[in-house]
Amino acid sequence: MKTILIYDGSFDGLLSAIFYVFEFKLTNVCIKKREHSQQNFFDAEEVIITDKIKATRVWKGLSKKLSARGRQKIYKAFLSEIPTIETAILHFIKRTFSSEVPIENDYSDPSILEIDKVAKKVDREKHRMDAFVRFKLTKDDIYFASIEPDFNVLPLNADHFKKRYADQKWLLYDVKRKYGVYYDLKNVQTVKLEISSNTNNTSNASTYFTLDEINFQQLWGIYFKNSNIPSRKNMRLHIKHIPKRYWKYLPEKKF
Amino acid sequence: MDFNRINEKLSILADAAKYDVSCSSSGSKRQNKNNGLGNSSGMGICHSYTEDGRCVSLLKILLTNHCIFDCAYCVTRKSNDIKRAAFKVQEVVDLTINFYRRNYIEGLFLSSGIFKNADYTMERLIAVAKKLREEENFNGYIHLKSIPGASDELMREAGLYADRLSVNIEIPTEKGLKLLAPEKNRKDFIKPMEKVKNEIIQYKNEKKLLKKVPLYAPAGQSTQMIVGASGESDAEIMYTSAFFYKSFNLKRVYYSGYVPISHDNRLPSIGTAVPLLRENRLYQTDWLLRFYGFDVRELLNTEYPNLESDIDPKLSWALRNLDQFPVDINKADMRMLLRVPGLGVKSVHKIIAARRYRKLNWENLKSIGTALNRAKYFITCDSRIFEGKDRTAAQLKGLIMNSSGSKFRKELSTQLNLFDNQSLQPT
């Protein structure tokens with residue numbers, strides 16, 4: 001009989017579940033997020049209570065056997081929110097603990113290769129967000145940007161923007177997951193809030209944003225148009241670099 | 001800020017700057033300090049891409065497109081009848097800061113037409129960079145053009161504010177330069193390049209001894225050459241390129257397919273296609289020199305003065321040197337692995353990491369992500385199945401080209417079109 005461990009969707013929750021696997025020496029096991037779980041007549045279900053102490057123990061144990069890069073890979077793979085990624089992460093961690101030598105580069109193991117590939121995908125999405133976020137200056141003097149990343153990459157982006165915009169208040173808001181990160185000139189904090197979707201509308205831009213803001217968006221649009229060389233036109237490459245799903249957040253694609 | 005005036009200036013001066021292809025914003029070490037604005041210590045970021053597929057990472061503009069020179073290949077040449085404009089120093093600073101704060105750009109790429117003389121122009125470029133660094137506490141990326149013929153003192157100052165400096169040599173051969181830009185000479189290009197090179201060397205030496213040395217052009221120097229304007233061969237271009245990499249420690253040489261902009265009969269006429277495929281092959285060769293340990297003489301020489309257009313230069317080299325293959329994936333050293341067609345730098349690193357755990361077979365190589373359609377003819381691995389090596393170069397080339405599609409296939413096809421696309425359009 002298979003045991004299904006249900007956790008709350010947080011990273012600490014996942015690590016607590018992994019702690020549970022080792023504690024009870026479970027072999028035939030599967031970890032799932034609460035929202036993905038489905039009652040099943042044949043398998044036993046166990047709800048995991050997130051325990052910060054247990055999670056920290058797993059993480060500390062990993063840091064003895066795994067490089068910082070390897071641990072980052074696990075975290076990034078987790079942020080992908082892919083429904084089956086927990087199984088690969090569990091396998092990765094099990095092999096790390098059972099092996100004498102580091103195994104993070106054993107790309108001939110399918111799960112290790114999968115973690116590597118998924119982490120790379122998440123990294124790429126993070127990098128795209130570094131690039132495609134467009135701040136708009138609101139009337140309250142906060143630089144605001146809404147985004148809709150494929151993966152939950154906001155926690156990875158925060159540090160990049162903190163270093164870059166140390167002298168301005170900014171708020172990055174994930175429309176899909178309904179939370180944001182806010183920098184108040186000192187610290188970055190996670191904020192849960194509901195923002196109406198019409199902030200991204202051009203027609204009511206003047207309600208939220210300063211007049212200069214609209215002018216600068218226009219200037220940017222002009223710059224964008226004039227730096228194109230029409231005789232080298234290559235729309236396939238253009239769309240490959242900026243997939244259409246990001247266009248609605250890019251002012252230069254609106255003009 | 002008067003937005004209407006700026007709108008017009010920006011459209012003229014961005015348009016004039018777009019033929020400079022350098023766009024890199026990486027390789028600097030400048031970190032945010034005193035809670036100021038900007039940070040360019042990480043990797044470069046391409047914030048957008050224009051419809052020609054080129055990246056936009058910097059605000060790339062000319063300070064002015066007034067110019068005293070009359071180089072045939074250039075849009076801003078004196079004799080060209082176009083709208084002229086000039087930015088004030090403060091206007092460029094405001095644009096840069098406001099674009100940067102909104103995360104549109106990584107920084108500024110400032111070039112200029114030459115007005116009055118070289119030093120006067122260089123001074124104005126430096127004034128912009130200085131203002132950004134000292135008054136705005138801006139730590140983003142700044143790329144300044146070194147104006148040919150600028151004095152050593154100015155080049156020293158420029159490097160203190162800029163992350164990268166570049167001089168475009170534009171025409172690969174001296175003969176071509178004489179024909180198209182008779183007022184310029186090679187020495188004027190080389191002088192500022194030489195100075196910046198020496199300053200960078202000096203910075204590195206001082207850095208070893210002293211704790212605090214002001215940064216000097218941390219992202220190094222680059223240059224650009226126009227391809228297809230003055231009839232030079234691929235060998236001439238790449239030998240010039242190799243020379244500049246070696247003698248001036250350049251970070252990058254850019255190749256820019258000539259976009260016809262003039263009716264001058266020394267140049268390809270307007271309407272001639274931009275040599276995109278050739279540009280692509282030159283970049284591939286450039287990468288082979290910088291990351292794959294090739295020497296330019298192996299790829300191009302008197303026997304082969306031009307690159308093959310239908311296959312990439314590494315495959316082309318491999319087909320001429322079949323005696324060095326097949327290579328055993330599980331034993332070969334890094335140098336040889338890098339020479340196998342279809343293996344890139346990343347796959348090679350993965351192979352070397354993975355073969356410590358077990359011998360790799362075809363399945364492993366495939367999941368690692370190597371381009372086996374090319375590589376399989378040049379390697380053996382932990383499997384008894386492998387491609388026989390008794391094929392001639394021509395046979396291999398045919399096999400590989402049949403199994404792979406090139407995005408340039410249309411240009412490569414020698415078959416004539418029954419209907420020309422253009423003639424079908426209503427006039």
Side-chain angles (χ1 to χ4, degrees), chain A residues 101 103-110 112-113 116-117 127-128 130-137 143 145 160-168 170 185-186 212-213 215-220 222-242 250-253, chain B residues 1 3 6-7 10-15 17-19 31-32 34-39 41-43 45-57 59-61 95 98-104 137 139-140 257 259-260 273-274 276 350-351 353-354 356-358 360 363-364 367-368 407:
Chain A
V101 292
I103 49 84
E104 56 180 299
N105 292 329
D106 184 4
Y107 299 114
S108 48
D109 177 327
I112 290 172
L113 190 65
D116 185 70
K117 281 186 173 162
H127 191 70
R128 272 200 210 114
D130 287 347
F132 295 158
V133 160
R134 296 284 182 266
F135 285 111
K136 301 172 188 171
L137 183 58
Y143 284 85
H160 167 81
F161 286 110
K162 186 185 172 198
K163 276 189 199 144
R164 164 162 306 218
Y165 300 118
D167 69 340
Q168 71 190 40
W170 52 262
L185 299 179
K186 285 202 186 79
D212 271 7
E213 173 55 42
N215 282 323
F216 275 116
Q217 282 183 31
Q218 207 157 18
L219 272 178
W220 172 239
I222 287 172
Y223 173 71
F224 182 74
K225 206 176 112 225
N226 281 289
S227 42
N228 178 39
I229 301 179
S231 53
R232 295 181 61 117
K233 189 170 178 174
N234 188 347
M235 284 307 275
R236 225 181 88 184
L237 189 59
H238 173 67
I239 290 168
K240 189 177 158 194
H241 284 309
I242 330 184
L250 299 173
E252 68 265 31
K253 293 304 295 177
Chain B
M1 230 169 147
F3 281 97
I6 302 282
N7 273 353
L10 184 63
S11 57
I12 295 171
L13 294 170
D15 190 87
K18 71 186 175 190
Y19 299 100
Q31 283 178 338
N32 189 312
N34 308 328
N35 275 338
L37 174 65
N39 181 16
S41 61
M43 56 179 98
I45 298 176
C46 304
H47 284 276
S48 197
Y49 291 84
T50 46
E51 291 190 347
D52 49 22
R54 301 185 313 152
C55 93
V56 181
S57 64
L59 171 64
K60 194 190 292 177
I61 46 174
L95 267 180
N98 277 293
F99 277 11
Y100 193 87
R101 285 196 182 283
R102 288 168 175 76
N103 205 35
Y104 297 164
N137 194 6
N139 303 297
V259 181
V274 183
L276 295 179
K350 275 216 167 115
I351 288 170
R356 293 204 183 104
Y357 298 91
R358 62 178 62 91
L360 305 178
E363 201 58 37
N364 299 141
S367 60
I368 279 172
K407 56 181 180 255

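Lettering follows sequence order; numbering is per chain, from 1.
Both the backbone and the side chain of B:Asn7 come within contact range of chain A, with heavy atoms under 4.5 Å apart. Of the atoms belonging to B:Ile12, not a single heavy atom falls under 4.5 Å from chain A. Both the backbone and the side chain of B:Tyr104 come within less than 4.5 Å of a heavy atom in chain A. If you measure heavy-atom distances from B:Arg356 to chain A, you find no contacts under 4.5 Å at all. Proximity to chain A (any heavy atom under 4.5 Å) is shown, for B:Ile351, by neither the backbone nor the side chain.
Chosen from B:Arg54, B:Glu363, B:His47, B:Lys60, the residue pairing most often with chain A at heavy-atom distances under 4.5 Å is B:His47. Counting heavy-atom pairs closer than 4.5 Å to chain A, the top-ranked of the candidates B:Ser11, B:Ala17, B:Ala353 is B:Ser11. Interface summary for chain A: among B:Asn364, B:Val274, B:Val56, B:Leu37, the most heavy-atom pairs under 4.5 angstrom belong to B:Leu37. Contact count against chain B (heavy-atom pairs under 4.5 Å) is highest for A:Ile229 among A:Leu237, A:Asn234, A:Ile229, A:Ile242. Counting heavy-atom pairs closer than 4.5 Å to chain B, the top residue among A:Arg128, A:Glu213, A:His160, A:Arg232 is A:Arg232. The candidate with the highest count of non-hydrogen atom pairs below 4.5 Å against chain A, out of B:Pro260, B:Gly38, B:Ala14, is B:Gly38.
Between the side chains of A:Asn105 and A:Tyr107, a donor-acceptor pair is found at a separation under 3.5 Å.
Taking the centre of each ring, A:Phe135 and A:Phe161 come in below the 6.0 Å mark.
Side-chain atoms of A:Arg134 come within 3.5 Å of backbone N or O of B:Asn103 as a donor-acceptor pair. Not a single donor-acceptor pair under 3.5 Å links the side chain of B:Asn34 to the backbone N or O of B:Gly36.
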key: Verdict with supporting geometry, A:Tyr165 and A:Asp167, side-chain hydrogen bond (donor to acceptor under 3.5 Å, both in side chains)   = CA-CA 6 Å; A:Tyr165 300 118; A:Asp167 69 340; over 6 Å; no

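The 12-atom threshold is not exceeded at NZ of A:Lys163, counting heavy atoms of other residues, nucleotides or ligands nearer than 6.0 Å.
Salt bridge status for A:Asp116 with B:Lys350: present, with a side-chain N to carboxylate O gap under 4.0 Å.
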